Amino acid sequence: MSKPDKYQKIVELAKRRGFFWPSYEIYGSEAGFLDYGPLGALMKRKLEQKWVDWFVRREGLMLIDTAVVAPEIVFQASGHTTHFTDPVASCKSCGRKWRADHLLEEQAGVSGEGLSLRELESLLAKHEVRCPECGGELEPPQVFNELFKTTIGPYAEHVGYCRPETAQGMFVNFKRLNDLARGRLPFGAAQVGRCLRNEISPRQGPIRLREFTIMEFEFFFNPKNPECKKLKEVEGEKIRLLTEELIRRQVEEPVEVTVAEALDKGYIKAEWNAYFMARAKQFLNQLGVPDENQYFREKLPNERAHYSAQTYDQVVKLSRWGYVEVSGHAWRTDYDLRMHMAYSGEDLRVYLPYPEPKKIKRKNLKPDKAEIGKAFKDRAALVLRLLELTPAEEVAEALSSEGVYRLRGDGETYEIKPGQVSVVEEEVELKGERLLPSVVEPSFGLDRMLYVVLEYAYSEREGRVVLKLPRDLAPIEAAVFPLMTKDDLPEKAREIRQSLLNYGFNVEYDEGGSIGRRYARMDEAGTPYTITIDYQTLEDDTVTLRDRDTWKQVRIKAGRLPQTLESLLKGEIEFEEAGAPL
RNA sequence: GCGGCCGUAGUCUAGCCUGGUAGGACGUCAGCCUGCCACGCUGAGGGCCCGGGUUCAAAUCCCGGCGGCCGCACCA
């Protein structure tokens with residue numbers, strides 16, 4: 001890393017040309033925060049717009065926009081207040097901080113998972129766990145929660161948190177969304193918005209931020225009818241997977257399979273997840289990332305979030321850090337809806353009518369509310385709601401074989417004993433059933449994706465930078481130059497620029513410096529087309545149009561510029577088709 | 001958060017060891033020049049990350065903070 005690598009060059013370019021820079025620079029900056037400049041802000045919008053077009057419009061999702069701050073209960077239900085927290089113990093002598101549960105496991109061989117702080121503290125003391133670095137004594141463990149905490153209104157006790165993902169906005173609004181989908185499955189809801197995570201140590205510029213923008217959607221489908229009708233469109237598409245099994249065998253090279261094979265072989269568990277992974281791969285192709293520089297890496301169970309049954313990260317090769325995650329594809333099952341249902345008391349199940357009513361015998365759980373109340377006190381209401389969602393057979397079997405049923409909830413496990421529930425058999429006629437949809441969640445990091453685009457677009461030619469941005473993401477779409485700053489050429493150029501502005505294009509005008517310098521400036525900003533007004537323009541109203549990537553030029557009628565530019569920017573025509581070559 | 005290296009105009013950088021308040025390159029701006037690819041001429045504006053200490057005097061030495069990069073940890 002002695003000579004500037006691509007990352008350094010891009011960061012330098014980003015600052016110089018106004019794509020992005022560190023926030024609060026005049027106060028010495030604050031790690032983990034990034035500001036977008038004029039070019040970056042425009043490009044970010046275009047990238048978001050492209051994502052919305054690619055997923056929301058084409059896949060028929062509902063785009064919503066929900067609040068950033070949420071009352072505490074929302075993240076208690078989602079599990080973030082417990083799972084987004086790490087127990088940290090600092091060393092009394094050297095001050096280093098360690099994951100308390102990890103130390104316990106390493107030094108005492110005792111799993112620290114799910115333990116309370118007090119339990120951790122006593123176990124650490126009992127096993128005489130010391131600082132691995134200096135052997136010093138440890139302070140009692142404390143929690144570090146990555147949620148940004150705040151208070152709502154003037155009451156300190158009204159705690160709120162900033163969202164670490166937009167997902168909960170989709171889940172808490174599920175009833176309305178389901179209603180707007182007219183009760184049918186499958187459907188999806190999407191959102192693009194700012195999220196905050198109080199990272200312990202953000203690094204790597206735009207790659208890991210404390211405040212960032214997520215583009216994600218929750219796709220709800222019937223768990224009893226999980227097939228993806230659109231699979232046909234992508235089943236032959238090749239995707240590269242680094243599965244859990246390969247990772248365990250320390251294989252580093254992903255396998256290339258078709259989407260159909262990935263499902264047949266069980267690499268991907270949910271069809272909808274596979275479908276959207278294929279779409280995500282195509283999306284990255286459109287951003288300039290070829291197949292050989294991206295793949296999907298399965299998250300190991302211990303890396304996976306608490307809600308996830310299977311997660312693949314889409315990773316892209318970057319010059320500096322190797323493969324970096326740009327999107328996550330989690331199968332969240334019904335975890336979130338189940339938890340919000342339990343916490344809010346709202347029925348979030350979807351009613352799905354049967355074609356024919358069914359008469360069936362079934363087992364039903366009858367909880368003894370008095371017993372449960374005594375046993376679980378203030379958690380009793382929650383336990384009752386969770387029990388409602390639990391299959392009776394599962395409870396019956398656990399009770400008869402083990403004498404206890406372990407009900408898993410918000411990071412805690414509740415032990416249900418025989419006297420607390422009874423299982424009865426009854427015959428009922430069912431016209432349909434209510435069930436919680438299963439959810440797949442494709443989630444994209446907008447900021448790092450923007451960096452990825454810049455890195456893949458970056459090129460140098462004859463000692464100058466040419467930013468070969470995808471045409472539809474270029475912040476400046478075209479620029480108009482007068483060849484000379486005399487003989488009415490500037491006036492004509494301004495006129496043409498104004499007319500293109502009126503057509504809706506983002507067009508710059510530049511008359512400073514030599515013509516070559518002006519081309520170079522626009523190449524560096526990633527502007528795909530430049531229009532030059534010369535003496536011939538004054539005679540026959542034609543202009544030259546220059547292509548950023550090839551530096552080739554064609555001559556066309558000024559009047560045809562709007563349609564031609566539009567077709568070029570959309571990629572409908574090749575540059576050579578735009579006019580007569582020079 | 002720990003350790004190592006680092007922080008000088010918009011950007012890159014010289015100066016720091018051996019204290020005497022900064023020099024360059026590119027870019028920007030103004031003007032000239034310029035008949036299609038940053039390369040001509042003239043001029044202008046712009047800087048020592050922040051705070052404290054040592055000293056007659058600090059970009060320079062010392063301490064602390066903040067930030068950056070790398071390694072460790074962290075990244076549900």
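Chain A is the first sequence line, chain B the second, and so forth, proteins listed ahead of strands; every chain is numbered from 1. A quick note: this is a predicted structure, and the numbers were derived from the prediction, not measured.
If you take atom P in B/rG4 and the same atom in B/rG65, they sit 13 Å apart, rounded to whole Å. With both ends at atom C1', the span from B/rG67 to B/rC49 equals 8 Å, rounded to whole Å. Taking atom C1' on both B/rG19 and B/rC37, the two are 49 Å apart, rounded to the nearest angstrom. A distance of about 37 Å separates the C1' atoms of B/rC75 and B/rA59, rounded to the whole Å. Only the C1' atoms considered, B/rC62 is 44 Å distant from B/rG43, to the nearest whole Å. B/rU42 and B/rC12: their C1' atoms are spaced 25 Å apart (whole Å). Across the P atoms, B/rA44 and B/rG23 are found 14 Å apart, a figure rounded to whole Å. Separating the P atom of B/rG51 from that of B/rG15 is a span of 25 Å, rounded to the nearest Å.
A salt bridge links A/Glu211 to A/Arg194: one of the charged nitrogens lies within less than 4.0 Å of a carboxylate oxygen. Classification of A/Arg518 and A/Glu511 as a salt-bridged pair fails, no side-chain N sitting under 4.0 Å from a carboxylate O.
Residue A/Trp321 places its side chain closer to B/rC70 than to any other of B/rA73, B/rC12, B/rC70.
Across the protein-nucleic acid pair, A/Asp447 atom CG and B/rC75 atom C1' stand 15 Å apart, rounded to whole Å. Rounded to a whole Å, the NZ atom of A/Lys15 is 18 Å from the C1' atom of B/rU28. If you measure from atom CD of A/Glu25 to atom P of B/rU8, you get 12 Å, rounded to the nearest angstrom. Atom OH of A/Tyr323 is separated from atom P of B/rC75 by 24 Å (rounded to the nearest Å). Taking atom CG of residue A/Leu13 and atom C1' of nucleotide B/rC12, one finds them 13 Å apart after rounding to whole Å. Atom CZ of A/Arg304 and atom P of B/rC75 are 16 Å apart (whole Å). Atom-to-atom, CD of A/Glu460 to P of B/rC26 comes out at 18 Å; the value is rounded to the nearest Å. Distance A/Glu165 CD to B/rC75 P: 16 Å, rounded to the nearest Å.
A/Phe276 meets the ring-ring contact (aromatic ring centres under 6.0 Å, His included) test with A/Phe217, A/Phe219, A/Trp272; sequence neighbours excluded. Residues passing the side-chain contact (heavy atoms from CB on, under 4.5 Å) test with A/Lys317 are A/Asn293, A/Tyr323, A/Tyr456, sequence neighbours excluded. Applying the side-chain hydrogen bond (donor to acceptor under 3.5 Å, both in side chains) criterion to A/Gln168, with sequence neighbours excluded, gives A/Glu165, A/Asp336, A/His340. Residues forming a side-chain hydrogen bond (donor to acceptor under 3.5 Å, both in side chains) with A/Ser443 (at least two apart in sequence, or on another chain): A/Glu216. Residues satisfying the ring-ring contact (aromatic ring centres under 6.0 Å, His included) test with A/Phe481, not counting sequence neighbours, are A/Tyr519. Looking at residues two or more places apart in sequence or on another chain, you find a ring-ring contact (aromatic ring centres under 6.0 Å, His included) between A/Trp321 and A/Tyr7.
Contact annotation: the side chain of A/Glu477 never approaches that of A/Thr527 to less than 4.5 Å [non-hydrogen atoms, C-beta and beyond]. Side-chain contact between A/Phe174 and A/Pro437: present, with at least one pair of heavy atoms (C-beta onward) separated by less than 4.5 Å.
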Subject >> Audit row: A/Phe212, A/Arg197, side-chain contact (heavy atoms from CB on, under 4.5 Å) steps and yes/no >> reply: CA-CA 9 Å; A/Phe212 53 99; A/Arg197 296 181 190 182; 3.5 Å; yes
Listing, residues 31-44 of chain A side-chain donor-acceptor contacts under 3.5 Å, not counting sequence neighbours, or none:
unit_1  : atom_1 : unit_2   : atom_2 : d
A/Asp35 : OD1    : A/Ser23  : OG     : 2.7
A/Tyr36 : OH     : A/Asp447 : OD2    : 2.7
A/Lys44 : NZ     : A/Thr213 : OG1    : 3.1

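A 6.0 Å sphere centred on CD of A/Glu460 holds more than 12 heavy atoms belonging to other residues, nucleotides or ligands. No more than 12 heavy atoms of other residues, nucleotides or ligands sit less than 6.0 Å from atom NZ of A/Lys149.
Here A/Glu303 lies out of heavy-atom contact (under 4.0 Å) with every strand. At a threshold of 4.0 angstrom between heavy atoms, the contacts of A/Phe481 with the nucleic acid are absent.
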Original post:
Dot-bracket for RNA chain B, 5' to 3', with Watson-Crick and G-U pairs under 3.5 Å, [ ] for crossing pairs and | for other-strand pairs: what is it?
Top reply: (((((((..((((......[..)))).(((((.......)))))....(((((..]....))))))))))))....
Could you list all N or O pairs between the protein and nucleotides 50-52 of chain B that sit under 3.5 Å apart?
none

Pairs under 3.5 angstrom, nitrogen or oxygen only, protein versus nucleotides 66-68 of chain B, please.
unit_1 : atom_1 : unit_2  : atom_2 : d
B/rC66 : O2'    : A/Gly28 : O      : 3.1
B/rC66 : O2'    : A/Ser29 : O      : 3.4
B/rG67 : OP1    : A/Ala31 : N      : 3.4
B/rG67 : O4'    : A/Gly28 : O      : 3.0

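A sub-4.0 Å separation between OP1 or OP2 of B/rC74 and a side-chain N or O of A/Arg203 is absent.
Applying the ring-ring contact (aromatic ring centres under 6.0 Å, His included) test to residues at least two apart or on different chains, none of the pairs has a partner in residues 12-31 of chain A.
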Subject >> Nucleotide-resolved protein contact map, nucleotides 29-41 of chain B, B/S/- at heavy-atom distance under 4.0 Å >> reply: -----BBBBBS--
